[in-house]
Visitor: 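Sharing a structure with you now.
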Amino acid sequence: MMRLRSKMGIGAVLAAACNLILCTDALAATSTPQPWQLNMPQGVTQSSHDAYFLHMLALWICVAIGIVVFGAMFYAMFKFRKSKGAVAATFTHNTTAEIIWTVVPILILVAMAAPATTVLINEAYTDQSQMTIKVTGYQWKWGYDYVNWGDKAYHVHFISKLDGDSDRTRQLKSGLDPFAVKTDGEQTYLLNVNHPLVLPTNTKVRFVVTGDDVIHAWWVPALGWKVDAIPGIINDTWTNISEPGIYRGQCAELCGQDHGFMPIVVKAVPPEEFKQWLDQQEAALAAPATPAATPAPAPATPAPTSAAASSNG
Amino acid sequence: MANHAATHDDHYAHDDHDHKPTGFLNRWLFTTNHKDIGTLYLVFAFIMVCIGASFSVVIRAELMRPGLQFVQPYFFNQMTTLHALVMIFGAIMPAFVGLANWMIPMQVGAPDMALPRMNNWSFWILPFAFTLLLSTLFMPGGAPAGGWTMYPPLALQGGASVACLVFSVHMMGISSIMGAINIIATILNMRAPGVDLLKMPLFVWSWLITAFLLIAVMPVLAGAVTMLLTDKYFGTSFFNAAGGGDPVMFQHIFWFFGHPEVYIMILPAFGIVSEIIPTFSRKPLFGYQAMVYAIASIAFLSFIVWAHHMFTVGLPLGGELFFMYSTMLIAIPTGVKVFNWVSTMWKGSLTFETPMLWAIGFVILFSIGGFSGIMLALVPADFQYQDTYFVVAHFHYVLVTGAIFSIIGAIYYWWPKWTGKMYNESWGKFHFWWTMVFVNLTFFPQHFLGLAGMPRRIPDYNVAFADWNFISSIGAFGMFLTPLMMFLILYSSKKSGAPAAARAWEGAHGLEWEVPSPAPYHTFSEPPVIGPGMLAHGDVSH
Amino acid sequence: MSDATTPTPGAYYVPHGTKWPIVGSFGLILTLGGAALWLNEVQVGKFSMFLGIATIVFMMFGWFRTVIGESIGGMYNKQVDTSFRMGMMWFIFSEVMFFAAFFGALFYARTMSVPWIGGEGDGALTNFFLWKGYAPAWPTNGPEHVGGIFETIPAWGVPLLNTLLLLSSGVTVTIAHHALRAGNRKQLLIWLAATVLLGAAFLWYQAHEYMEAYEHLNLTLGSGVYGSTFFMLTGFHGLHVTLGAIMLTVIWLRCAKGHFSKDHHFGFEAVAWYWHFVDVVWLGLFLFVYVL
Ligand code: HEA
Ligand code: HEA
Ligand code: CUA
Ligand SMILES: [Cu+2]
């Protein structure tokens, strides 16, 4: 992407200009949405940077086209008014102009499609991931299975659902104040869960995502993508988080009455800390005599990683 | 007439005078007159707009502040679903068909639609279809709540409403298909001698192609919902992976319908704008043939872009790339149209009567909707945008400030022809500017909400989204007044408007402006003889 | 058919007023609203549905009687005739697209969803995590064997026979058309009757085959995606054959009554087109549902 960005010099300039205007850099520091926020967060993964870059590129291209087209239109509206004595010309075509405004947009489209293609191909391959998480959407909560880390299979499994504070507040006419729901000073109404998904930073994590009942979609904006959780089907995708932190997201596919109330929280920690945490969980799981508590078909062997080019980012 | 007298028979005699059938039922229930049926369609669409807008007010009221104040989440989902179905199938499509009924026969010099009885049925199915659909609101289990896209398995979780939804969609499909067949037959078969295909007004062209799209995709929707029905009630496994099917299969079939459907809602708008802009620019349309070919290529492309609604379902890489490229291509013919409209205004002699304001508003705001469309087409960016308010903003820009603006513009434009009365220009302009302010208040902030991370189809949200949502709701309440405003303007025109000339607008060209205002109940009982200058594009040779 | 051959007169033809459409709308809502109720176990629904169907039949009778009367009265000129032709052609096109949806489902299941669930191509993980042990196959009722083990109907038995029946019915209806054009009423009636009989025979075997499937092969609508696509495709096709056969019967009666002239018989042609369309759909079915 760095290579890409330097190649797309104009895009970079435009993106920088936008940062100035929309103060997006300030927003990128946190992953919880901010009041009056205008723009997409830049996030903490390559995918999210790329999505942001493409978004800004397309945005500024559209703004530029808009200025030209609407500018011409407004010019015409002021210059060629009947009330100012304008007399209508009679021309009905102009081949040169028509060729130009067919060819130039094609070039512009190529300028957007080319980087989008590169990014998409980069995001497509989930092989060489260092760990696998299985995500299952339920009405209306998320199930997480830690399938493996490195060569080691794990059986850690838990359900993650809306935190109690938000849940009480969100009842119809609860009389409770959504602004009062806070976690560590951040306003996390409807964006907090009882068990966050803990992930290591600087690790290529593969997600295999499915739904249990209806279609859901797993989306954490700071990671840069969403993917549908479809019953009976596995979608795979990956991420590699660069900074430790708490990243919040929501279910992004209508899944019934509580679709708005099944948030996602990712807690990214350094790999060593993660390893400790994971082993602890695994141990806690082994201690009670019922290892069969894991409902999901956690495979004994690591899942095939060569599953190649399937599915999206 | 003379010839016809041979087969004379009182009942079927062709009256060339302005004989309207007497009696309310005779006139409206049994009518075969294209103008009456056009009026029925428009009145129906207007009622549906009011219903759909009330649902949107429920949505926006609940979304005005964080926390649930008014409705349960499940009811909210019913509102979202019905809002979309009512607006799309009840308001926009019937309004366009109504305009087609009124204008196409007049614009091509035909006495009526080609199949007038079927025309009556096309319309009279609709009130029944929507009664069936809206009656679900009062059923145990409530109305459909799975979104207008009806994705299984969620849509199958609905109660009794599923069957009603499916059957009402079938009825809308039958209505649309018959309406479309009628329009095609009228355009291909009923043109007066001299109205060659490449001399037809663009509104007619746009409808010819739209009608083709309708016939091609409405049956596919019917098939898709039929499979939903059998999956729910008859144990089939089309959308069930355990039985070898796939929930995603529904999405493919639905969007194979759904994407052409969105162009069904915009191509007639292109036609309308291409009528209005030359009139008030007093200058022939720029690049007539290019406009026709652009519509045709948009229609063609619309069949091969459907999966851009499905970028996050896990398509194979090749599929994502293909659908990204094909989607982006649509900007080219659409751009041609936008540039041609601007060039039509260029060096014209412009005035800004109400219809022109709506047309200009259309060009600008529709383009903004198109721009966000292009952004959505970039797959990696769509991974972020998909199913957020950014998408909601996109499609309301193309639908409300696109399709709806064009419909309102068309009504103001042809109103004098229909009624023989002018409306009040100042109030017309007021209507426009009011709408302009509130529509942007409603939908522009939704871009920000989507980018900041607010998913669509949720009744409640994090407090960070509160401010823009509040503004959006204020806008929506302002919008809600516009149907009433328009009704009053038109009603007072009908009561006491100044009489309109046959050529109500100085720069208007085309057959419809050659007949008196109001147009006689039967416009042409014999093919009109086309004189020089009577057709808007009669002597355009390129 | 008096002025069928007179050159298009100057005047347009516009019928005035009709009450049939609104009758049809009531029929539709009674039928579909009734069906919806019935599906949700409200028993009056059944009654309403049959009443609705009866209303629609009544509407068709009335509507067509008016049109036939006008046609025989010579009120239709060339232009009206062309409108009818276009109407029928585009209606058939819409039917083609309706079947396309179900063929699309069949192709999708066979080339995408079943192989994916079975672990081919992009489906490796789907198979590994969710459907381990399921190998892609066709016919299939999916990894959970929805509907239980079933057998399929071999292509080269009854389906082949049915193919021959329908194909020859396409030939007989063409012969009948030639007879009509030659003004040979007797030949016309014989060959048209043969067409109806062939259609009826097709339906007979089809019904037989369905009974066989349900009673002995355990192949039902619920037999996973194979059963779903099989019965929806052949079922909708069978429904169309039934409608076509009914329409042919009506046309036979009209021929017998002498409604058609040598060069003015659009009613006949419309039904013949429809019959050919049904024929072509069957060829697609035979190939993709039975043979392949
Ligand atoms: C009238 C209806 C209408 C129209 C005309 C369009 C037009 C377009 N739409 Fe839109 N769309 C919808 C209605 C419409 N859409 C609806 C209802 C949905 C949501 C459905 C749902 O999920 O409920 C949707 C969703 C939707 C998505 C899926 C988003 C998601 O869910 O993730 C995408 C993605 O590609 C998309 C793209 C486009 C594009 C590229 C166009 C293009 O046709 C736009 C082309 C126009 C322009 C580009 C502007 C003018 C051109 C120029 C000035 C030339 C120069 C420009 C460039 C070179 C860029 N649309
Ligand atoms: C044609 C389509 C159309 C129209 C007109 C509108 C109009 C409006 N829509 Fe809607 N909307 C959709 C199509 C449309 N919408 C669709 C497809 C969805 C997606 C549903 C889903 O997720 O499943 C949606 C969803 C949707 C949402 C998201 C809901 C959610 O995700 O939960 C919201 C929220 O604000 C909203 C708001 C509004 C508002 C405030 C208006 C207001 O603009 C309404 C105000 C009134 C008018 C614009 C009418 C003006 C007309 C006249 C004055 C006269 C016309 C005359 C004749 C027709 C004769 N709409
Ligand atoms: Cu789960 Cu939406
Ligand atoms: Cu689309």
Side-chain angles (χ1 to χ4, degrees), chain A residues 33-40 50-51 54-55 58 62 70 72-73 76 80-82 86-89 92-93 101 105 109 112-113 116 119-120 124 170 172 178-179 187 189-191 214-215 217 221 225-228 230-233 235 250 252-257 259-260 309 311-313, chain B residues 66-68 72-74 147 151 153-154 241-242 247-248 282-284 286-287 290 312-314 317 320-321 324-325 328 331-332 335 338-339 342 345-351 364 371 374-375 378-381 383-384 386-387 448 451-453 455 457-464 467 540 542:
Chain A
Q34 297 300 302
W36 300 107
Q37 182 173 336
L38 297 176
N39 207 358
M40 186 188 282
D50 291 350
L54 285 170
H55 160 68
C62 289
F70 306 150
M73 201 163 162
F80 308 118
R81 279 172 182 256
K82 194 184 176 210
V87 180
T92 56
H93 75 302
W101 67 52
L109 291 179
M112 287 190 280
V119 168
L120 194 59
R170 65 112 175 166
L172 182 60
F179 288 88
Q187 296 195 298
Y189 178 56
L190 299 184
L191 288 181
V214 299
I215 305 177
W225 43 255
K226 66 177 67 67
V227 64
D228 286 3
I230 303 167
I233 305 288
N235 275 327
Q250 282 177 270
E253 180 66 55
L254 179 58
C255 54
Q257 61 176 28
H259 161 58
S311 74
N312 58 65
Chain B
L68 290 179
Q72 290 290 0
Y74 193 69
Y151 285 2
L154 181 65
V248 176
R282 294 170 181 72
K283 187 163 157 284
F286 185 92
T312 60
V313 301
L317 177 62
E320 309 246 62
L321 289 173
M324 171 166 79
Y325 300 149
M328 294 178 76
I332 304 299
V338 171
F339 301 138
V342 175
M345 291 167 65
W346 197 259
K347 297 203 168 149
S349 171
L350 304 179
T351 52
I364 295 175
F371 291 152
I374 290 300
M375 297 171 74
L378 297 171
V379 181
F383 290 161
Q384 292 280 43
Q386 196 265 344
D387 252 313
F448 306 142
L451 293 175
R457 296 164 163 175
I458 56 173
D460 195 4
Y461 47 79
N462 179 263
V463 294
D467 307 294
V540 184
H542 33 259

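Per chain, numbering begins at 1; letters A, B, ... match sequence-line order. Note that these values count all heavy atoms, side chains included, but never hydrogens, waters or copies made by symmetry.
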Visitor: Which bit of A/I230 comes within less than 4.5 Å of chain B, counting heavy atoms only: side chain, backbone, both or neither?
Guide: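 The side chain, not the backbone.
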
Visitor: Please flag which part of B/M324 lies under 4.5 Å from any non-hydrogen atom of chain A: side chain, backbone, both or neither.
Guide: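 The side chain, not the backbone.
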
Visitor: Let me know if B/P66 has heavy atoms under 4.5 Å from chain A in its side chain, its backbone, both or neither.
Guide: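 Backbone plus side chain of B/P66, per the 4.5 Å heavy-atom cut-off to chain A.
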
Visitor: Heavy-atom cut-off 4.5 Å, strictly under: side chain, backbone, both or neither for A/F70 against chain B?
Guide: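 Contact with chain B involves the side chain of A/F70 alone.
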
Visitor: Between B/I374 and chain A, with a heavy-atom cut-off of 4.5 Å, which part of the residue counts as in contact: side chain, backbone, both or neither?
Guide: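 B/I374 touches chain A through side-chain heavy atoms alone.
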
Visitor: If you count heavy-atom pairs within less than 4.5 Å of chain A, which of B/I364, B/L321, B/I458 leads?
Guide: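 Max contact count across the listed options: B/I364.
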
Visitor: Please report the shortest heavy-atom distance between B/P455 and A/Q250, naming the atom on each side.
Guide: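 Distance-wise, the nearest heavy atoms are CD-OE1, 3.3 Å.
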
Visitor: Heavy atoms only: give me the nearest A/C255-B/L154 pair and the separation to one decimal.
Guide: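 Looking at all heavy atoms of both residues, the shortest contact is C-CD1, 3.6 Å.
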
Visitor: Which atoms of B/F339 are under 4.5 Å from chain A, going by heavy atoms: the side chain, the backbone, both sets, or neither?
Guide: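 Both parts, backbone and side chain.
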
Visitor: Relative to chain B, which segment of A/Q187 carries a heavy atom at a distance below 4.5 Å: side chain, backbone, both, or neither?
Guide: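 When you check distances to chain B, atoms from both the backbone and side chain of A/Q187 fall under 4.5 Å.
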
Visitor: Does A/H259 have any ring-ring contact (aromatic ring centres under 6.0 Å, His included) partners at least two apart in sequence or in another chain, and if so, which?
Guide: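 Per chain and number, A/H259 pairs via ring-ring contact (aromatic ring centres under 6.0 Å, His included) with no residue.
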
Visitor: According to salt bridge (charged side-chain N to carboxylate O under 4.0 Å, His left out), who are the partners of A/K82, at least two apart in sequence or on a separate chain?
Guide: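 Here the qualifying residues are B/E506.
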
Visitor: Is it the side chain or the backbone of A/A72 that comes within 4.5 Å of chain B heavy atoms, both, or neither?
Guide: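 Both backbone and side chain of A/A72 come within 4.5 Å of chain B.
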
Visitor: Which region of B/F286, side chain (C-beta onward) or backbone (N, CA, C, O), has a non-hydrogen atom less than 4.5 Å from a non-hydrogen atom of chain A, or is it both or neither?
Guide: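 It is both, since atoms from each part get that close.
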
